[in-house]
Undergrad: 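Quick one: structure below, then a few questions.
Lettering of chains follows the sequences in order, A, B, ..., and the numbering in each one begins at 1. What you see below is based on every heavy atom in this structure, not just the backbone, and it leaves out hydrogens, waters and symmetry mates.
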Amino acid sequence: MTAVDSAGGGGEGSAGRGPVEAISNGQAMLIIIGAVLAVIVFVLPGPVIDVAGNDAYLAPMLATLPSIVSAWLFVHLSRRHGWAGPTEYLRTVFGNVAGTAVAAVYLVFFLVVTASVGQEIPKVVGAVIMPMTPQLAFVVPTALAAAYVAYLGLENFGRLAQLVVPLLMLVLVAVPLADVQQADFGYVLPILNNGWRPVLRGMAFPMAIRGEGAVLFAFLLPHFKSPRRGFRAGVWTTCLLGLLLGYNVVFILSVFSPRFAAGLALPSLELARMARLSRAVEHLEAAVLGPWLLALTFKVAFYVCILSRGLAEVIRLTDWKTVVLPVSATVAALGMYLYPSSMALRESLTAVRPGFTLVVAFLIPVTAVVVSLIRRTGTEQFRRSAAKPKGHGS
Amino acid sequence: MRHGTVLTWFLAAVLLFAAPGCWDKKELDEMLHAVSLYLDLEGEYLLVTAEVLTAGTQSPEGAPAEHTIVAALGTSFQDALNNIRKSSRHEIALPHVDYIVLGEALARAGLTDLVNALSHDYEVRPHIHVAVSPGKAADLLTAKMTGARHAETFLGLLETSARSGPGGGRSTLLDLQRALADQPAADPLLVKLVLLPPPPVEHLAQHTQAGAGGMEGGTGGGEAQGGGTAISAIGGAALFDGDRLVGFAEELEARGLRWALAPVANQSIWVPVDGRGGFATRVSQTWPRLTVEESQGRLHLRIHVEVEGDVTELRGSVDSDSLAAMAELEALAARRIEADIAAGVAYAELLQSDPLRVGLSLSRWHPALWRRLRDDWPRALADAVHLIEVDVRIITAGILGRNAPVGRTQTGTGP
């Protein structure tokens, strides 16, 4: 093992930190893919098609590039600071007070995102299959389940992701194939008839969620078993996401036509409604809704876990698990307050989230890199700690 | 017991009680399950007539649920459904609706609002069939319910038409949604559903298939009912300009449009041969291709259809016994299909309708030209030069290459 690996994430006691729960790079990839797919694939194709028209499939694929840049910034910062997480190295870079404030921005980001993700379950399920069920009937069980799963710790998420995310990916790849008969792939033509501008504008929505994936990557990096290979895993993850989302949008465009698809609130679910194998197999919505609800609950639970850990680090609690239930309850209550309707939820995703993500996935890491280069933070401390003989610091 | 186990059981109990969705308790027995909808315009109101079955009802003999009719007027689709709920005191469920029949007056008034309303209802699936009926759609249902022995006659016809008939599934709610969204580059082309007058009883005794000549199977057909009952049939197509019905194409024109529009499979055509009889060809598959380009200031529309099939019947002195004879049959079949297509295209142009989606093709392959023409579409299409080409390949001639001579009665004009 290299000095970096021994000092860094996944190992025990990196750079003076306590024991770090480790997950494999593959599990981390699956966690990020699940977190991104759970939201983007169901909610976002509509607004992207609305802006980019028949070229909409290019937008999520192009959003791969900024995601890679963002991931590189986080990897660079983490590597300079001994594979630490954002809440730690931000305090080193910006100083204790300013760094804590900036770390708090990330906590607010996760709080808002988790609140909105938690509301997708009642808004979507309520809209399509259980319109008479009170929203609390979805929110309370989700909050309780999320708190319990978060309480079990990070390693459980790795194993859970190995079950849930491949299932979701399989469904998202297989269900559109059942619609091939109805698909008219000519709807993606003419390519770039209106130039690149609509595609670049349409990139804002997928970029927002993909940027969220990059932030998630930053928070997971300290827990990678092999953080040196973290960037490669990040690139693979984001490329795979780009392909999956592009594939999904191509089918949505081909089955529904760009103009009709632009008005659909849940185009991916509509794809499943369309699926029909002979006259025997119909109503495949459940095949999509099941893995998707699993992935959403998984995402809420995971974000509650990250929020609780981040909060514990910022306010310097010794045991982060003590705040899991209050955090989960806060998230649920905030979600019901901030997003009383499905339109409020959609508006937050399309209008608020892109700006917020620009700040947390690009602006803050770029500033942090510049400041750390100017102040020469990280590298020197890291070199000193790496140069120490093993066991010296104990 | 461990805390974790208690917590797990507690969470499971919460989920079991909260999530199953029985908040608006509805028993299946108490619901009306609509299997088809018939929509008409009555003055300013929408008349929704539904063919429903109730899971709990049984006939006195203990037979399973019977189809019944419920109907209500409303200012909108949902309002009419609410009125059905009020009058029947039952919840009406739409997930099992297989087809919708639109009345002529409603279709002529414009379908955008209705299609939006149907698209908004999660229970109405996008792949259900949509047909238009001359006159009132509800009359079609009433006639069917009073006389038809087979409750699914219409559905069977629509399914056959969508699966293998000319039209290839271009008459669903999704097709309607797409065509309306593609305006003005494409116009809907829906199936025309009719009740044919009852044939003479002596004729019924001999034949069970309706429709003679032309394309058989999916487009004609239907079940002959005893006792002079009308026969349900697909009697052509409904042509639209935008969201408004502008005319009904008869069998010939509809057939021509559908040859050009989508692949056709497992259909028979009858090709008469002047003075010699004729022959039947079963079309196994087709490959239609539409290309549009501008030349010397005019649009040139080229419709090319490749057809593959077999000879299934020879009449009179027509034979398929040699390469030359086969080539002649192929050419005759091709001319027959070309004539169908020409008739269909001419009729669509007469009504200023673009069911072949020529505008859509233009917008995909020649976007600059489309930008120039779209404001005057489909009038610009009416000035287009047409080139219709059909290539027929007969793969097998069957087991009989030439009819056996049977003497003086062989005239080639028999049934």
Side-chain angles (χ1 to χ4, degrees), chain A residues 54 121 125-134 136-149 151-152 179 181-194 254-266 269-271 273-276 278-279 282-283 285 293 297, chain B residues 3-4 7-8 10-26 95-96 98 115-116 119-120 122-128 155 159 162-163 168-170 172-183 185-186 262 290 357 360-368 370-371:
Chain A
N54 63 307
I121 297 171
V125 178
V128 296
I129 49 175
M130 296 182 184
M132 305 299 286
T133 307
L136 270 177
F138 300 108
V139 174
V140 172
T142 307
L144 288 174
Y148 179 58
V149 178
Y151 183 84
L152 295 176
D179 293 319
Q181 273 193 318
Q182 283 99 2
D184 176 357
F185 292 101
Y187 275 121
V188 299
L189 297 173
I191 296 169
L192 292 174
N193 186 36
N194 298 315
S254 306
V255 172
F256 298 109
S257 86
R259 285 205 217 165
F260 185 55
L264 290 172
L266 299 163
L269 197 62
E270 290 292 314
L271 272 184
R273 280 180 75 204
M274 286 297 304
R276 192 186 194 207
S278 182
R279 285 199 69 197
E282 294 183 335
H283 293 282
E285 300 98 296
L293 287 175
T297 314
Chain B
H3 289 301
L7 195 56
T8 307
F10 171 70
L11 280 173
V14 169
L15 283 167
L16 278 172
F17 283 107
C22 286
W23 299 86
D24 57 338
K25 179 178 162 289
K26 290 176 201 159
H96 300 286
D98 283 314
V115 170
N116 286 337
S119 308
H120 225 91
Y122 185 77
E123 290 189 351
V124 180
R125 292 162 301 152
H127 54 62
I128 59 175
L155 178 61
E159 287 283 342
R163 190 170 54 248
R170 294 283 182 208
T172 62
L173 180 59
L174 176 69
D175 296 314
L176 191 54
Q177 289 164 336
R178 291 201 297 205
L180 294 182
D182 288 336
Q183 286 295 312
L290 182 85
R357 311 188 299 166
L360 200 60
S361 174
L362 207 56
S363 69
R364 288 171 180 176
W365 298 105
H366 306 282
W370 171 246
R371 274 196 292 273

Undergrad: Is A:Y187 close to chain B through its backbone or its side chain, or both, or neither, when contacts mean heavy atoms under 4.5 Å?
TA: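 Backbone plus side chain of A:Y187, per the 4.5 Å heavy-atom cut-off to chain B.
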Undergrad: Does CD belonging to B:E123 count more than 12 external heavy atoms closer than 6.0 Å?
TA: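 Yes.
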Undergrad: Side chain from CB out, backbone as N, CA, C, O: work out which of these in B:W365 comes under 4.5 Å of a heavy atom of chain A, or both, or neither.
TA: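 For B:W365, side-chain heavy atoms alone lie under 4.5 Å from chain A.
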Undergrad: Could you tell me the separation between the CZ atom of B:R357 and the CG atom of A:D184, rounded to the nearest 0.5 Å?
TA: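 CG of A:D184 is found 5.0 Å from CZ of B:R357.
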Undergrad: Show the nearest heavy-atom pair for residues A:S254 and B:R178, with the distance to one decimal.
TA: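 Between these two residues, the closest heavy atoms are O-NH1, 3.2 Å.
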Undergrad: Among B:L174, B:T172, B:D175, whose side-chain contact (heavy atoms from CB on, under 4.5 Å) with A:Q182 holds?
TA: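 Answer after filtering B:L174, B:T172, B:D175: B:L174.
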Undergrad: For B:P126 and A:E270, work out which heavy atoms get closest and say how close.
TA: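 Of all heavy-atom pairs spanning B:P126 and A:E270, the closest is CG-OE1, 4.2 Å.
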Undergrad: Which value, rounded to the nearest 0.5 Å, describes the distance between B:Y122 atom OH and A:L266 atom CG?
TA: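 Between atom OH of B:Y122 and atom CG of A:L266 there are 8.5 Å.
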Undergrad: Could you list the donor-acceptor pairs under 3.5 angstrom formed by side chains in residues 141-148 of chain A, with sequence neighbours left out?
TA:
from, atom 1, to, atom 2, distance (Å)
A:T142, OG1, A:F138, O, 2.5
A:Y148, OH, B:T8, OG1, 3.2

Undergrad: Select, from A:L189, A:V188, A:L264, A:N54, the one with the greatest count of heavy-atom pairs under 4.5 Å involving chain B.
TA: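 Winner by heavy-atom pair count: A:L189.
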Undergrad: Which region of B:L180, side chain (C-beta onward) or backbone (N, CA, C, O), has a non-hydrogen atom less than 4.5 Å from a non-hydrogen atom of chain A, or is it both or neither?
TA: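 Neither; nothing under 4.5 Å.
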Undergrad: Please name all residues satisfying salt bridge (charged side-chain N to carboxylate O under 4.0 Å, His left out) with B:R125, sequence neighbours left out, ordered by chain then number.
TA: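 If we apply the salt bridge (charged side-chain N to carboxylate O under 4.0 Å, His left out) test to B:R125, skipping adjacent residues, the hits are A:E282, B:D98.
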Undergrad: Would you say that A:F260 contacts B:S119 through its side chain, given a criterion of any heavy-atom pair below 4.5 Å between the two side chains?
TA: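 Side-chain contact under 4.5 Å: yes.
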Undergrad: At what distance, to the nearest 0.5 angstrom, does CZ of A:R259 lie from CD of B:Q177?
TA: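 The distance works out to 15.0 Å.
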Undergrad: Let me know if A:V255 has heavy atoms under 4.5 Å from chain B in its side chain, its backbone, both or neither.
TA: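 Both the backbone and the side chain of A:V255 come within 4.5 Å of chain B.
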